[in-house]
Amino acid sequence: MESYNPKEIERKWQEVWLKQASAKIDKDDTRKKFYILDMFPYPSGTGLHMGHTESYTASDVFYRFKKMQGFNVLHPQGFDAFGLPAENYAIKTGVPPVETTRKNMENYIRQMRSLGFNYDFSEQAITSDPEYYKWTQWIFSEFYKNGLVYKKTQKTNWCSSCQTVIANEQVVENECERCGTGIEQKEMPTWFFKITDFAEELIADLDNVDWPEYTKKNQRAWIGKSEGTEFDFAIKDLPAGRQGSAEKIRVFTTRVDTVYGVTYVVVAPEHPVITQLESQIANRDEVFAYIEKSKNKTELDRMEAKEKTGVELDGIKAVNPFNGEEVPVFVADYVLGNYGTGAVMAVPAHDERDWDFAKKYDLSIKQSIAPIFVVKEGKDAIRDDAETVKRKTVVAIIKHWEEDKIFCLNWEKFGWKSFIIGGVEDNESGEEAAIREVKEESGFQNIKTIRKIGGEVHSNFYASHKGENRYAKTECYYIELGDGGFIEPKEEETKNHRGEWVKLKDISKYVNLNVHEWFCKIFENGDGAFVEDGVLVNSENYLEMSSEEAREKMTAWLEEKDLGKKVVNYRLRDWSISRQRYWGCPIPIVYSPEGEPHLVPVEHLPWMLPEDVDFVPTGVSPLAKSKELQERTEKIFGAGFTAEYDTMDTFVDSSWYFLRYPDVHNAQEFCSEKRKAWLPVDVYIGGAEHTYMHLLYARFFVKALHKIGHLSFKEPFLKLRHQGMVLDKEGKKMSKSKGNVINPDDMVEKFGADSVRMYMMFVAPLEDAVMWNEENIVGVRRFLERVWRLQEKIVAENTAVESLTHKAIKKVGEDIEAMKFNTAISAMMILVNEADKSGIAESSYELLVTILAPFAPHMAEEIWNNLGHTESIFVSSWPAYDPELIKDEKINLVVQVNGKVRDTIEVEADIAEDEAKKVALESEKVKAYVVGKEIRKIIYVKNKLISIVV
RNA sequence: GGGCGAGUGGUGAAAUUGGUAUACACUCGACACUUAAAAUGUCGCACCGUUUUCGGUAUGCGGGUUCGAGUCCCGCCUCGCCCACCA
């Protein structure tokens, strides 16, 4: 027999598959349909990368498996062919993008064939084909007609290097995702898709799809739903005739419960109220200088100066509707103009950003929420049968006059360790109480300094030394002693506790009561905003209410007074789709001489991308320079009409390509009703980097088309799986600059496609990172060689191998279904290792080759052929395993004594419980541990183990 | 700073979801075949002690639940990815 020669047999079978059009399916037969989809590639000049190789291998394995199971499987491929690199290449070389793209696509197809991927390339979707983008434009028109498209002049992210507008999602750390240039804000007329109309559905319907949990979570976070309250701060004392539109500032907050802690109001630099009130602002120049400066802030300024800045609007006061308090108004760029209402109520005590700002500008900080500690467990838990007594209390942290020591109380009877604590009498301030308690309880008389620490804290617990439930409101004071002047405390003060000095550095480990721990933390780390929920303080009618209840009550009050309402806000913004680029789908819009936009009617679609353009970007869209486009527009619509010169974001093209595959050649519809039966996609495989853009936009398209009535379903991808990254052997990302990029062509040349495929699938689970280490690939190559050589090790019968074969059939089938390709391969290795030693019956060998076929299709075809079959192995069906053959006759019964394995005994499978126990107890090894002891319990797990407890 | 995920031999990784931890591979070592090398095959490979047997300790660290924990609970540590003024 000839030795295994992958190069030869792979070329041979790739030609056969091509000639037989083995990837062709009858798309009108949807009886047992299955749609598995890859994320189509952008045809770049560098060709297929290893990430594609991995995910396309996974889908090819899955596709071949499903096909053998008898499904009519749609497994298409295409190209996301519009995009910047081809245009940039054109700028450099003058080669038109259409040509570059065509050449690159041919290379991709060659590469995909060389890896044995079985796609029907006569049924591609290529986004730059007029036949394809006709329908991109048609969908745009449908969205337009249904109010899902609008044009707005607004600040947009402008990349000065790419000379184009880019979407929020494409801005990374204030830099262009593609070229790394700093993003500027530029006013541009821009077309938007109203993706925010679907924000709620985009969150809710994630519950209905089988996607990785973290992908769902990230997408939910990206959409960023937040429920809160919007309400008005009136502007104080506007002179008559000045009131107009700016008599109030509307703010958005998720924490209306903190409203009594408002000490100022902040508006974003672009907030209209500033110009509306311009004449009232005393420090106009300063304010406008600030606004101008924040507009031109680059990402560098922001990174370096993390500190918040702002300017007060002198002469303007806002009125808190809850308590009538007048507070100053600031403009500051830490408030975003395009989120919420562009204005916030500032509560420094309960918001970190406001805290920082207030500290910097020395603004007042007012507590309105207190943390609350309720003891629910243990001996201090509140008791239903005890009375609750409310008390104001103080905690005093007393520092030694010379050493770094704190005076503490040890309540040995109760197990408490605390600072000095005591009640506040009527007609006594907290500070006075603290001083009095220190003198009475500690005996020390000479107080040098006293300073308040933190705010008010509430606690609810059972006070066993008093036999009552306590609801305590506690403040904390830090006291430094002047000297050791001391008067022995009265006995009643010290009967429950004993005073002791604790080293300063041990203090946080010493105190063990919740309120004391709380103050200790503030004492050690300093104060900050308390941002969690708690109970209301300093809040008039809402005292001691929980944050949650207060939010409801306060919002209801605002609604009743018509001052505000409950609202839901989303982080998600509408999708800006205009790009000032050439190599994209033209937006099917023309403008009348008056500048009114009109849709290009359907009969003129595709609205062709002109060819007579100069690619060099000037900030004006290249399409503006096309004579042909201008003439075409005027010819159809009349003199003076002009075309829209912007093209669409390429994410638009890729948001619906999966809808086209079932019916790619249809010139009348994007997909016929009949062929829509293929949809939605059953399994989608691709990189996790598409979580935020592509996957979100595609979901939006389907929801929008569903709403308009073109689709009957609401989610495009029922099951989604990500492949991990392919890294170099040191675990580093591959990049041109590091020179560690691996080219799939080289690997196929060196090891053969089947080995490359096997290695990709074997080395790690699909979703984990693959470290590409050429040393390790020999493992799967050896395996394939062994499979090959089994052709010479055929025996008449080998029941042990037959049993292993059926076990492998079961395991491989289940593992492919669950996309656990690595363990599927290891099951085949176990089988082959045994067969290599003891031979294999021809029937078993055929079964082995059949289950190997999805992974190593070329070799499988070749052996199958050598075994005398004339048809492709992929025509045969996935074998069923024989349940009788996978049953083990004997099992190893594990015997544990007190949880430790003491013996394993070979017994008949399905042994009865009594019998198993008997066998276990008869074991000499077990006896050594059991004899003379009382057996308390015996646990039996069927066909697994006996656990004896003595 | 926030969110998510992960830590198991020299390495990539398994573990039917609470039931013999380290399957399957790579590397490494020894041996066989060979004039030699490659290829191939056989054996060994978590750690410590006895070197047939056996016992003890190990899944980042520390506790807990359980007859039994890599898996569940609590508290730490380290790494990775994503997001980062979203009120």
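Quick note on labels: first sequence line is chain A, next is B, and so on, each numbered from 1. FYI, side chains are in, hydrogens and waters are out, and symmetry mates aren't considered; it's all heavy atoms of this structure.
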State whether the side chain of A/Asp333 and the backbone N or O of A/Ser294 hold a donor-acceptor pair below 3.5 Å, judged by distance alone.
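Checking the backbone N and O of A/Ser294 against the side chain of A/Asp333, no donor-acceptor pair under 3.5 Å is found.
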
Can you tell me, in whole Å, how much space there is between the P of B/U22 and that of B/A30?
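After rounding to an integer number of Å, I get 27 Å for this pair.
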
Pair A/Tyr334 and A/Phe357, ring centroids less than 6.0 Å apart:
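Centroid distance A/Tyr334-A/Phe357: below 6.0 Å, so yes.
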
Is any side-chain N or O of A/Ser226 closer than 4.0 Å to OP1 or OP2 of B/A87?
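Yes.
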
Pairing annotation in dot-bracket form, given for RNA chain B with Watson-Crick or G-U pairs under 3.5 Å and | for cross-strand partners
(((((((..(((......[....))).(((((.......))))).((((....))))..(((((..]....))))))))))))....

Which label fits B/U8, syn or anti, where anti is any glycosidic angle not within 90° of 0?
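For B/U8, whose glycosidic angle is more than 90° from 0, the conformation is anti.
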
In the 5'-to-3' direction, what one-character label does each nucleotide of nucleotides 66-82 of chain B receive under the scheme B = base within less than 4.0 Å of a protein heavy atom, S = sugar-phosphate only, - = no such atom?
-BS-------------S

Measure the distance from CG on A/Asn822 to C1' on B/U11 and round it to the nearest whole Å.
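Distance, rounded to whole Å: 16 Å.
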
Just how far, in rounded Å, is C1' of B/C24 from CG of A/Leu804?
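Result: 14 Å.
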
Table of protein N/O atoms under 3.5 Å from nucleotides 37-44 of chain B N/O atoms:
unit_1	atom_1	unit_2	atom_2	d
B/G41	OP1	A/Arg786	NE	3.1

Of A/Asp354 and A/Val763, the one whose closest RNA chain B nucleotide lies more 5':
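That would be A/Val763.
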
Whichever of A/Tyr339 and A/Ile825 has its nearest RNA chain B nucleotide further upstream toward 5'
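Going by which nucleotide is closer to the 5' end, it is A/Ile825.
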
